[in-house]
Peer 1: 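Attaching a single structure in structure tokens format; questions to follow.
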2 protein chains.
Amino acid sequence: MNKQDSTAIRNFYNTSLLKGKSYAWLDHLSNQIGARLSGSLNAQKAVEWTEQELKEVGLDKVWLQSVMVPKWTRGVTEFAYIETEPGQTTNVPICALGGSVPTPIGGVKAEIVEVKGLEDLRKLGTSNIEGKIVFYNRPMQADLINTFEAYGGCVDQRYSGAAEAAKFGAVGVIVRSMNLRLDDFPHTGTMSYGDLTDLEKIPAAAISTNGAELLHSMLTLNPNIKFLINMNCRTWKDVESFNVIGEITGSEFPNEYMVVGGHLDSWDLGDGSHDDGAGVVQSMEVLRLFKETGYKPKRSIRVVLFMNEENGLRGGKKYAEVAKNKAENHVFALESDAGGFTPRGFSFDCNDENFTQIQSWKPLFEPYLIHYFAKGGSGADIGPLKKDGIVLAGLRPDSQRYFDYHHAKNDTFDAINKRELELGAATMASLVYLFDKYGVQ
Amino acid sequence: MNKQDSTAIRNFYNTSLLKGKSYAWLDHLSNQIGARLSGSLNAQKAVEWTEQELKEVGLDKVWLQSVMVPKWTRGVTEFAYIETEPGQTTNVPICALGGSVPTPIGGVKAEIVEVKGLEDLRKLGTSNIEGKIVFYNRPMQADLINTFEAYGGCVDQRYSGAAEAAKFGAVGVIVRSMNLRLDDFPHTGTMSYGDLTDLEKIPAAAISTNGAELLHSMLTLNPNIKFLINMNCRTWKDVESFNVIGEITGSEFPNEYMVVGGHLDSWDLGDGSHDDGAGVVQSMEVLRLFKETGYKPKRSIRVVLFMNEENGLRGGKKYAEVAKNKAENHVFALESDAGGFTPRGFSFDCNDENFTQIQSWKPLFEPYLIHYFAKGGSGADIGPLKKDGIVLAGLRPDSQRYFDYHHAKNDTFDAINKRELELGAATMASLVYLFDKYGVQ
């Protein structure tokens with residue numbers, strides 16, 4: 001750590017803020033391509049466009065890595081209503097959870113049983129649940145400072161809610177959206193039916209937080225109201241897609257690999273600007289900043305735009321599998337998948353020796369108000385690279401607004417602040433630079 | 001610093017996030033009252049409503065402090081256009097700067113001379129400026145991490161631009177808006193004519209950043225284009241207004257005063273949610289959090305909602321003057337006037353001994369990601385309280401988006417995130433609590 005390092009880092013920030021490409025790239029990805037769920041035409045467009053853009057950056061290699069991905073489509077827009085008596089209905093905003101089966105044609109209508117989670121459900125048992133729609137309504141815990149913790153404390157309802165409720169004879173589930181704000185956007189997200197057979201699967205939808213509050217109030221007044229869900233989503237056969245990879249080959253240790261990445265797929269409701277268009281363009285920008293500032297890395301640095309993080313993680317698994325088969329020595333990986341907000345720091349999945357080294361770099365980040373360096377998770381896509389000695393890291397932007405947009409229709413380009421996005425890219429470039437220069441312990 | 005402190009602080013955060021009033025208060029102030037420039041009817045409504053709300057919090061005393069304030073009105077909406085040849089015009093968004101004189105009826109039309117600042121202007125001199133409109137177009141410096149520094153590096157154009165240009169015979173000035181983003185909102189703000197006589201004063205307007213870029217491009221193509229500004233703003237006689245003050249009287253040292261405040265007035269274009277509705281409701285919330293959590297302060301704690309920060313600072317000066325006349329011993333003051341964004345910490349205007357004490361409290365703030373404790377400015381309204389031994393502090397929220405909204409039409413309630421606002425209030429309460437408990441050195 002010396003004057004050269006602080007100059008290099010200042011250079012990354014200046015270049016990102018004054019001559020950055022991340023914002024213009026995200027504008028294109030969000031507004032010219034848009035939502036890009038795995039297996040969709042837009043996902044393919046995103047693959048082709050990012051490959052082209054990486055080639056224009058002048059990297060040493062750019063290639064596509066084939067991967068088979070699930071394909072699920074939402075179909076005609078879903079709808080739902082609360083029926084207080086025949087003909088008396090109130091619409092509420094819902095959306096199918098990713099991977100859900102459709103309802104029968106005309107929808108499924110049943111009484112509602114409200115629970116605060118899977119525990120509650122088990123207590124109620126078959127006698128209270130059979131033939132009903134289960135309404136999971138445990139809200140995210142607002143007094144947790146890190147909103148990802150609040151998400152972690154709720155998401156079991158979305159992921160496993162249908163599989164569990166089906167065991168007790170439920171005919172459908174609706175899940176309160178993973179959103180700390182009260183608004184009208186339903187938030188989708190992945191779910192699993194576990195080991196249920198096709199015949200046992202029941203439809204699963206998210207309801208907006210305002211919708212959940214309304215439904216809760218109406219159930220308090222009259223527990224016998226009915227709820228109708230209509231969805232015609234569908235799972236198709238797996239299709240071929242791609243991870244997009246670009247590399248600057250290392251000048252001294254070309255066989256030591258460092259990865260920086262985000263996921264190229266998004267949910268289908270917004271345009272995926274925060275999740276994870278931001279991570280995609282920031283990762284591309286890291287390599288571009290190296291080129292632009294003339295920094296020639298000693299180790300090989302790859303940008304990897306992973307396909308299918310949202311509903312399968314096939315891209316992350318494939319990348320790690322190929323790396324293992326080729327015996328590529330990966331020493332460091334960094335993912336940005338927590339939104340394009342003001343960066344606060346990183347969390348690290350690494351050994352103590354490396355963490356000590358990382359902490360010695362903190363003063364270099366202080367001028368940029370990057371203060372958070374903690375042990376913790378990194379990123380879903382780079383998780384499969386985990387092995388002894390590798391350092392995995394996740395960019396940690398300010399988390400307060402992330403779940404206002406996550407997996408919802410309002411995750412769009414206008415929710416991105418240019419400077420915040422650019423600061424994230426520079427922060428990532430600085431960390432990659434330090435690992436490149438000082439190596440991994 | 002002990003377990004009791006961390007529990008008290010946890011309590012402030014939990015209460016603010018789970019049962020806070022700041023967001024609902026701001027909703028009312030912004031949406032039911034709205035813009036509240038000094039001397040306006042809305043400013044008076046804001047005085048009456050906040051007085052009433054503070055009474056409902058159950059403070060020991062609530063009162064109004066009379067202060068004479070300037071009154072300036074914008075009049076009919078301004079307009080401006082670029083004229084490439086007679087009849088060929090392009091509209092650009094402008095707004096009068098606060099305190100500007102109007103144009104003559106029908107507007108002022110003249111050729112434009114573009115400068116990068118006051119230095120440039122002086123170099124050009126009377127021969128190049130006389131009879132023209134001066135266009136100040138030095139942008140905010142994007143590579144500064146703290147956007148307030150970038151503001152500080154530009155705002156002389158807005159504040160003194162007209163006074164300086166008038167000396168060289170200019171007939172008007174337009175100033176690039178203090179905004180790091182390219183968009184269509186002109187940003188107003190205060191200006192001064194210095195010692196010019198009324199006859200020497202020339203009209204001054206802000207132009208949106210996109211408008212400034214357009215004008216710059218058109219001037220490059222043709223330096224002889226003309227520009228028309230039409231404004232009918234007006235300065236009236238001073239009128240009476242009020243600071244709104246509430247107090248919890250200290251249990252042990254009632255004659256030691258601690259102030260927490262923001263300014264109640266706002267510019268007239270948006271509804272002043274970030275500047276400084278946020279600071280107003282956060283300051284009110286600090287005292288409410290003390291009541292709600294049952295914390296009984298040893299020192300007297302006042303919330304002061306200052307009138308007229310934007311164009312005169314009369315409220316801040318009046319409060320300090322009265323305090324001095326009454327020989328009230330003020331030991332600490334904290335202002336929130338940097339937007340309702342995620343809090344990052346505080347800056348302090350204090351002696352080294354106090355700053356050492358403050359730094360010893362950092363670990364208590366770590367769970368809330370409050371990491372920034374630096375010497376620096378505090379707040380305009382509390383500045384007049386400065387004397388030996390007092391600690392002045394300013395809340396420092398994340399600054400990246402502040403100037404997207406500052407003094408512009410889009411500074412509205414929808415730009416506020418509830419959690420970010422609430423975190424700010426809890427952070428302020430925690431600092432006031434620590435000063436109350438441990439005193440000032």
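For clarity, every value in this text was computed on a predicted model and none was experimentally measured.
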Peer 1: How close do B/Arg419 and A/Leu144 get, heavy atom to heavy atom, and via which atoms?
Peer 2: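 Of all heavy-atom pairs spanning B/Arg419 and A/Leu144, the closest is NH2-O, 2.7 Å.
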Peer 1: Contact part of A/Asn146 toward chain B, heavy-atom cut-off under 4.5 Å: side chain, backbone, both or neither?
Peer 2: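 Nothing of A/Asn146, per the 4.5 Å heavy-atom cut-off to chain B.
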Peer 1: Between B/Asp143 and A/Arg10, is any pair of side-chain heavy atoms under 4.5 Å apart?
Peer 2: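 With C-beta onward as the side chain, the pair touches.
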Peer 1: Taking the side chain as C-beta and beyond, is there a heavy-atom pair between A/Leu369 and B/Tyr372 under 4.5 Å?
Peer 2: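 With C-beta onward as the side chain, the pair touches.
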Peer 1: Please check if the number of heavy atoms outside B/Lys19 that lie under 6.0 Å from its NZ is greater than 12.
Peer 2: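 12 or below, so no.
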Peer 1: Looking only at heavy atoms, what is the nearest atom pair of A/Ile145 and B/Pro367, with distance?
Peer 2: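 That closest heavy-atom pairing would be CG1-O, 3.7 Å.
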Peer 1: Does A/Asp398 reach the side chain of B/Glu420, with side-chain heavy atoms less than 4.5 Å apart?
Peer 2: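 Yes, close enough: below the 4.5 Å cut-off.
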Peer 1: What I'd like to find out is whether the side chain of B/Thr342 reaches to under 4.5 Å of the side chain of A/Arg401, using heavy atoms alone.
Peer 2: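 When only atoms from C-beta onward are counted, A/Arg401 and B/Thr342 do not touch, as no gap falls below 4.5 Å.
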Peer 1: So which of A/Arg181, A/Arg344, A/Lys418 has the biggest tally of heavy-atom pairs under 4.5 Å with chain B?
Peer 2: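 Top count of heavy-atom pairs under 4.5 Å with chain B: A/Arg344.
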Peer 1: I'd like to know which of A/Glu366, A/His371, A/Gln400 tops the heavy-atom pair count under 4.5 Å against chain B.
Peer 2: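 The residue among A/Glu366, A/His371, A/Gln400 with the greatest pair count is A/His371.
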Peer 1: Looking only at heavy atoms, which two atoms of B/Leu17 and A/Ala142 are closest? And how far apart?
Peer 2: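 So the two residues come closest at CD1-O, 3.5 Å.
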Peer 1: For A/Asn14, is it the side chain, the backbone, both, or neither that has a heavy atom closer than 4.5 Å to a heavy atom of chain B?
Peer 2: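 Backbone plus side chain of A/Asn14, per the 4.5 Å heavy-atom cut-off to chain B.
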